[in-house]
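Atoms considered below: every heavy atom in the structure, side chains included; atoms not considered: hydrogens, waters and symmetry mates. Just follow the structure's listing: the first ligand is 1, and inside any ligand the first atom is 1.
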Amino acid sequence: MSEVIITPTITASRKLYIESYGCAMNFSDSEIIASIMGEHGFASTNDELDADVIFLNTCAIRDNAEQRIRERLKHLRGNKKHNKELIIGVLGCMAERLKEKLLEEEKLVDVVAGPDSYRDLPKLVAEVDEGGRAINVLLSREETYGDLNPVRLNSNGVTAFVSIMRGCDNMCSFCVVPFTRGRERSRDPESIVREVLDLSNKGYKEITLLGQNVNSYLWFGGGPKKEFKKLTQDEQDSSVDFADLLEMCATAVPQMRIRYSTSHPRDINEKVVYTMAKYKNLCNYIHLPAQSGNSRVLDIMSRNYTREWYMDKIRMIRSIIPDCGISCDIIAGFCSETEEEHQDTLSLIEWAHFEFSYMYIYSERPGTPAAKKLVDDVADDVKSRRLSEIIALQNAKSKQKNESYIGKVVTVLIEGHSKKSTLDWKGRSDQNSVTIFPCEDYKIGDLVNVMVERATTTAMIGKAIGYASLLPEN
Ligand code: SAH
Ligand code: SF4
Ligand code: F3S
């Protein structure tokens, strides 16, 4: 692991406000950042006006994600007027993508730090204290922050993220992540289990193991990713793959629910699904982004699978776990996508019965293989229309899926009040579908059986009929 030597120049307690954008990995990173800064005298605050340092942990996945940050930075100009000492940092994927340009373009930014340089943040802030502006956007092949104790921010005290790997080696042609997060590397499984046990001791009830492509998790002693067949015999014998890691976590905390995200259709395998079937506390839910339902489009997206391969993976999952929840990501209007190819995406959604999907218009990202080699030639109005069709169909399917549970019992972990009423609890079923029911005497963190009575596109609504247990019956 790369060593960064930090000389703490700050001892008095200053306040840090972090705002996170983008995917769960970023939210999880913010907890690592809070931990690093906490060790150097920065207490976390939820009030931006009270902060001495504001970090925006940013996303670069689509252009609109970056536009949001620019708007936010304009707003923060006001805070700087009130507090001349205020330090503003842009962290995360947009920082990594734009590097020095961010300091040049956004004059009020003092610190720019990429996802692998967070151990350096106290030093970067100290440089700003001395009158400079500071940047570190070096990517690492080893950094996993595995030894750190994340500070749980904005926590409901029930669910938490645990990062199990960083970076991505896949190079899907549309995607900026391999450029902003660097090469794939897996985190030491012992440190993962330690973190999971710690969360359990602190009363958390559910964890989500995070990585861009969790199915390629492979620990063989650390360092950059290698393929299994390229490991020495000793490394192979002691290696831990994703299914092994799931099993280690499932047995370490049998009373805790465990989820994970994201799976890649090329790499998800029977071993993982059988492991899920074996342990009651491994939730029956897989996020399996297809991106498109057409094999030619998948090919130019460099996803390394076909429509048929994807459908076979769903068949495999449902043959082992018939009621497994599956969700999807879809991109509308990728380069050269024809009307027929778009229809293939719709027919895949029709066939697959996803619980829900995240659906996006293709946004060309500078520097990606698609930006270099393909033409972003689907007109904006066509992209929007295709996205609307995809959303309309998925909404109808989500409603059908939720309705299919009417009269059945689902197991729900209570996460908090429903948005609409403090008289109702909200939680998610094993299959990750939102479920709402009257509070009665149940409390946050309880695992309950809920009889589903009604359903909408976004939720199942019902009544609790008693406590549930994750421990095996008998
Ligand atoms: N690692 C995950 C996804 C990471 S990004 C995976 O491989 O599935 C989350 C989602 O953003 C992707 O699944 C994709 O649907 C979407 N996405 C990524 N790049 C995009 C782009 N350039 N335009 C539109 N959507 C994009
Ligand atoms: Fe991006 Fe593909 Fe990696 Fe997912 S698997 S992060 S879509 S490159
Ligand atoms: Fe965005 Fe970076 Fe995540 S680009 S989606 S925050 S990995």
In short, Asp430 meets Arg259 closest at the heavy-atom pair O-NH1, 3.0 Å

What is the minimum heavy-atom distance between Gln431 and Tyr285, and which atoms define it?
->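 It is O-CD1, 3.3 Å.
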
Answer yes or no for Gln212: is there a heavy-atom contact with ligand 3 below 4.0 Å?
->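 It does, in that a heavy atom of Gln212 comes within the 4.0 Å cut-off of ligand 3.
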
Tell me whether the count of non-hydrogen atoms from other residues, nucleotides or ligands lying under 6.0 Å of [atom1] in [X] goes above 12.
| X | atom1 | value |
| --- | --- | --- |
| Glu190 | CD | no |
| Lys15 | NZ | no |
| Arg72 | CZ | yes |
| Lys225 | NZ | yes |

Keeping the roles fixed (side chain from [X], backbone from [Y]), state whether a donor-acceptor pair exists under 3.5 Å.
| X | Y | answer |
| --- | --- | --- |
| Asp169 | Glu184 | yes |
| Asn213 | Thr262 | no |
| Arg166 | Pro115 | yes |

Under the ring-ring contact (aromatic ring centres under 6.0 Å, His included) rule, what do Tyr260 and His287 come out as? Steps first, then yes or no, please.
-> CA-CA 8 Å; Tyr260 61 86; His287 184 53; over 10 Å; no

Could you tell me, atom by atom, which parts of ligand 1 come under 4.0 Å of a heavy atom of [X]?
| X | answer |
| --- | --- |
| Tyr360 | 10 (C), 11 (O), 15 (O), 16 (C), 25 (N) |
| Arg365 | 22 (N) |
| Asp329 | 9 (C), 10 (C), 12 (C), 13 (O), 15 (O) |

Of all the non-hydrogen atoms in the protein, which one sits nearest to atom 22 (N) of ligand 1, and at what distance?
->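 Nearest neighbour among protein heavy atoms for atom 22 (N) of ligand 1, to 0.1 Å: Ser363 O, 2.7 Å.
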
Of all the non-hydrogen atoms in the protein, which one sits nearest to atom 8 (O) of ligand 1, and at what distance?
-> Pro289 CG, 3.0 Å

Please confirm whether Arg62 makes a cation-pi placement over Tyr360, using NZ or CZ under 6.0 Å from the six-membered ring centre and within 45° of the ring normal.
-> yes

Should the proximity of [X] to ligand 1, defined as any heavy atom under 4.0 Å, be assigned to the side chain, the backbone, both, or neither?
| X | result |
| --- | --- |
| Thr262 | side chain |
| Gln212 | both |
| Gln291 | side chain |
| Phe174 | both |
| Arg303 | side chain |
| Ile361 | backbone |

Can a side-chain donor-acceptor contact be found between [Y] and [X] if the only test is distance below 3.5 angstrom?
| X | Y | result |
| --- | --- | --- |
| Thr159 | Glu206 | no |
| Ser35 | Asn149 | no |
| Ser292 | Glu341 | no |

Heavy atom of Ile61, distance to ligand 1 below 4.0 Å |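 Yes, Ile61 has heavy atoms under 4.0 Å from ligand 1.
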
Is it true that Ile331 lies under 4.0 Å from ligand 1, counting heavy atoms only?
-> yes

Give me the protein N, O or S atoms that fall under 2.8 Å of atom 2 (Fe) of ligand 2, sorted by chain and residue number.
->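 N, O, S partners closer than 2.8 Å: Cys172 SG.
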
Go through the structure and list residues passing ring pair (Phe, Tyr, Trp, His ring centres under 6.0 Å) with Tyr17, not counting sequence neighbours.
-> none

Can you tell which of Lys383, Arg62, Met301, Arg181 gets a heavy atom nearest to atom 17 (N) of ligand 1?
-> Arg62

Assign the ring pair His264 / Tyr305 to parallel, tilted or perpendicular, where the plane angle (0 to 90°) is split at 30° and 60°.
->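 The rings of His264 and Tyr305 stand perpendicular, inter-plane angle above 60°.
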
Which residues pass the salt bridge (charged side-chain N to carboxylate O under 4.0 Å, His left out) test with Glu100, sequence neighbours left out?
-> none

With a cut-off of 2.8 Å, how many protein N, O or S atoms neighbour atom 2 (Fe) of ligand 3?
->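 Step by step: take atom 2 (Fe) of ligand 3, keep protein N, O, S below 2.8 Å, and you get 1.
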
Does the N or O separation between Glu364 and ligand 1 drop below 3.5 Å for any pair?
-> no

